[in-house]
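Below is one structure, written out as structure tokens, with a few remarks after it.
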Protein chains: 2
Amino acid sequence: MMEAALRPHGLGATQWYVLHQLGHVGPTMQRELVRLLRVERATLSIIVGTLVRKGLIEQVPDTVDQRQKLLRLTPAGKSLWADLPDLGFIHDAAFAGFSKADIAITTRVLKAATERLNQHLEGEPT
Amino acid sequence: MMEAALRPHGLGATQWYVLHQLGHVGPTMQRELVRLLRVERATLSIIVGTLVRKGLIEQVPDTVDQRQKLLRLTPAGKSLWADLPDLGFIHDAAFAGFSKADIAITTRVLKAATERLNQHLEGEPT
DNA sequence: GCATATATGTTAGGTGGCTAACAAGATGTC
DNA sequence: GACATCTTGTTAGCCACCTAACATATATGC
């Protein structure tokens, strides 16, 4: 879905999220993005690498903690970001017409299920 | 989650589903599995290839239609299948404790949303 | 100060998903 | 019978996710 909207620009969904963060919120530490996107360090590293190769973002090592890298859009990145379509229509297309109550229940069930499975994983490594 | 349960056996989730089908239902045409797993031909081709390389399943070309391939467990596959743990606990762990009504609503919302997004994809290729 | 531990990022190797393009067999039409 | 078309499977190339192992840099402990 998002894929379809982003393919013309040569981006994947997660790449879009990274640009979204940097475009809307501003320069962000890579480790912060790991938290925001709920993705492994290693996964993000690859995605960031891709965007850097494409010349859309830069990694600037922090001056005080040389391990951490600040991510920010390059001029090319800013320009592309400005061209990207609005993706709000996706949410609308998917969920318009359901009652708020139903959506709330759905959200609650899925969140709880996810949490439980995570607890199982931590609690039961035989 | 499944991953955790299957890793000791060196299997991924979709590989497990294939073994499950062949173990529970019996030999199955590859094109039938595409339908059952709701996956692209190409994707299944890779997964089947992996299982064949591992010696767990075989591809037998149909005698009348040489394009189609019947998949079936090898002796090694049967033996592994017998050793695999029950995965029902996953569903229980995730969804026990919710009312049937809430689960029904969740299912309905997600199914409908999925369907709508698919329609968008077919109807709107600008 | 030095050794150990912790945090951050990268690399290597797996799984699984997709599209596009191709090969080969089966079918249909004329 | 010959050609066009549909079906099935494979291959190549991409995205995204994961764990494990490693390199560095910072922080802690003694």
Side-chain angles (χ1 to χ4, degrees), chain A residues 1-21 28-54 56-71 114 117-118 121-122 125, chain B residues 1-21 28-54 56-71 114 117-118 121-122 125:
Chain A
M1 188 72 211
M2 288 190 52
E3 324 290 346
L6 296 174
R7 198 160 327 127
H9 301 275
L11 291 175
T14 309
Q15 293 176 35
W16 180 85
Y17 278 119
V18 172
L19 295 186
H20 177 79
Q21 169 70 19
T28 307
M29 285 297 180
Q30 190 163 327
R31 40 171 279 288
E32 184 67 9
L33 263 176
V34 164
R35 253 199 22 206
L36 294 172
L37 303 188
R38 293 158 187 272
V39 142
E40 287 302 315
R41 295 206 289 304
T43 302
L44 184 58
S45 180
I46 303 295
I47 290 163
V48 164
T50 305
L51 290 171
V52 167
R53 247 189 298 109
K54 290 180 183 170
L56 300 175
I57 71 177
E58 297 175 307
Q59 286 178 305
V60 191
D62 188 290
T63 49
V64 306
D65 185 342
Q66 301 274 128
R67 290 170 305 182
Q68 301 187 29
K69 298 184 180 172
L70 184 72
L71 305 182
T114 304
L117 290 177
N118 281 335
L121 277 184
E122 281 156 23
Chain B
M1 187 73 213
M2 290 192 53
E3 323 291 344
L6 296 174
R7 197 161 327 126
H9 302 274
L11 290 176
T14 309
Q15 293 177 33
W16 180 85
Y17 277 119
V18 173
L19 295 186
H20 176 79
Q21 169 71 18
T28 308
M29 286 298 181
Q30 188 162 327
R31 41 171 275 290
E32 185 67 9
L33 263 175
V34 164
R35 252 198 23 205
L36 294 172
L37 303 187
R38 293 157 188 274
V39 140
E40 287 301 316
R41 290 205 295 303
T43 303
L44 184 58
S45 180
I46 304 295
I47 290 162
V48 165
T50 306
L51 290 171
V52 169
R53 246 187 299 109
K54 290 180 183 169
L56 300 175
I57 71 176
E58 297 175 308
Q59 286 178 304
V60 192
D62 188 290
T63 49
V64 307
D65 187 342
Q66 303 272 129
R67 293 170 305 178
Q68 301 186 28
K69 299 185 180 171
L70 184 71
L71 305 182
T114 304
L117 289 177
N118 282 334
L121 276 184
E122 280 155 24

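Chain A is the first sequence line, chain B the second, and so forth, proteins listed ahead of strands; every chain is numbered from 1.
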Under 4.0 Å: is that the gap between some side-chain N or O of [X] and OP1 or OP2 of [N]?
| X | N | result |
| --- | --- | --- |
| B:Gln15 | C:dT15 | yes |
| A:Gln59 | C:dT10 | yes |
| B:Lys54 | C:dT15 | yes |
| B:Thr14 | C:dG17 | yes |
| B:Gln68 | C:dA26 | no |
| A:Gln66 | C:dG9 | no |

| message | With a 3.5 Å cut-off and heavy atoms only, can you find an N or O donor on one side and an acceptor on the other between the side chain of B:Arg67 and the base of C:dA26? | response |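 Answer is no: no donor-acceptor pair is held.
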
How many Å lie between [atom1] on [X] and [atom2] on [N], as a whole number?
| X | N | atom1 | atom2 | answer |
| --- | --- | --- | --- | --- |
| A:Lys69 | D:dA25 | NZ | P | 10 Å |
| A:Asp65 | D:dA23 | CG | C1' | 15 Å |
| A:Leu33 | C:dT10 | CG | P | 12 Å |
| A:Leu11 | C:dT19 | CG | P | 18 Å |
| B:Ile47 | C:dG17 | CD1 | C1' | 8 Å |
| A:Leu51 | D:dA16 | CG | C1' | 13 Å |
| B:Gln30 | D:dT7 | CD | C1' | 13 Å |
| A:Asp62 | D:dA25 | CG | P | 14 Å |

Residue pair [X] / [Y], side-chain heavy-atom distance below 4.5 Å:
| X | Y | value |
| --- | --- | --- |
| B:Gln59 | B:Leu71 | yes |
| A:Thr50 | A:Leu56 | no |
| A:Thr14 | A:Leu44 | no |
| A:Lys54 | A:Leu11 | yes |

| field | Matching residue for A:Gln30 among A:Val48, A:Asp62, A:Val18 - test: side-chain contact (heavy atoms from CB on, under 4.5 Å) | value |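 The passing option is A:Val48.
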
| 5′-ward residue of the pair A:Thr63/B:Leu70 relative to DNA chain D |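 Result of the comparison: B:Leu70.
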
| message | Can you list, in residue-number order, the parts of residues 35-46 of chain B that come under 4.0 Å of DNA chain C, counting heavy atoms only? | response |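 The stretch gives B:Val39, B:Glu40, B:Ala42, B:Thr43 as the residues lying under 4.0 Å from the strand, ordered by number.
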
| field | A:Thr28 OG1 to A:Arg35 CZ distance, which is reported to the nearest 0.5 Å | value |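 With rounding to 0.5 Å, OG1 (A:Thr28) is 11.0 Å from CZ (A:Arg35).
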
| said: Please report the interatomic distance CG(A:Leu33) to CD1(A:Ile47), rounded to the nearest 0.5 Å. | reply: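 Between atom CG of A:Leu33 and atom CD1 of A:Ile47 there are 10.0 Å.
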
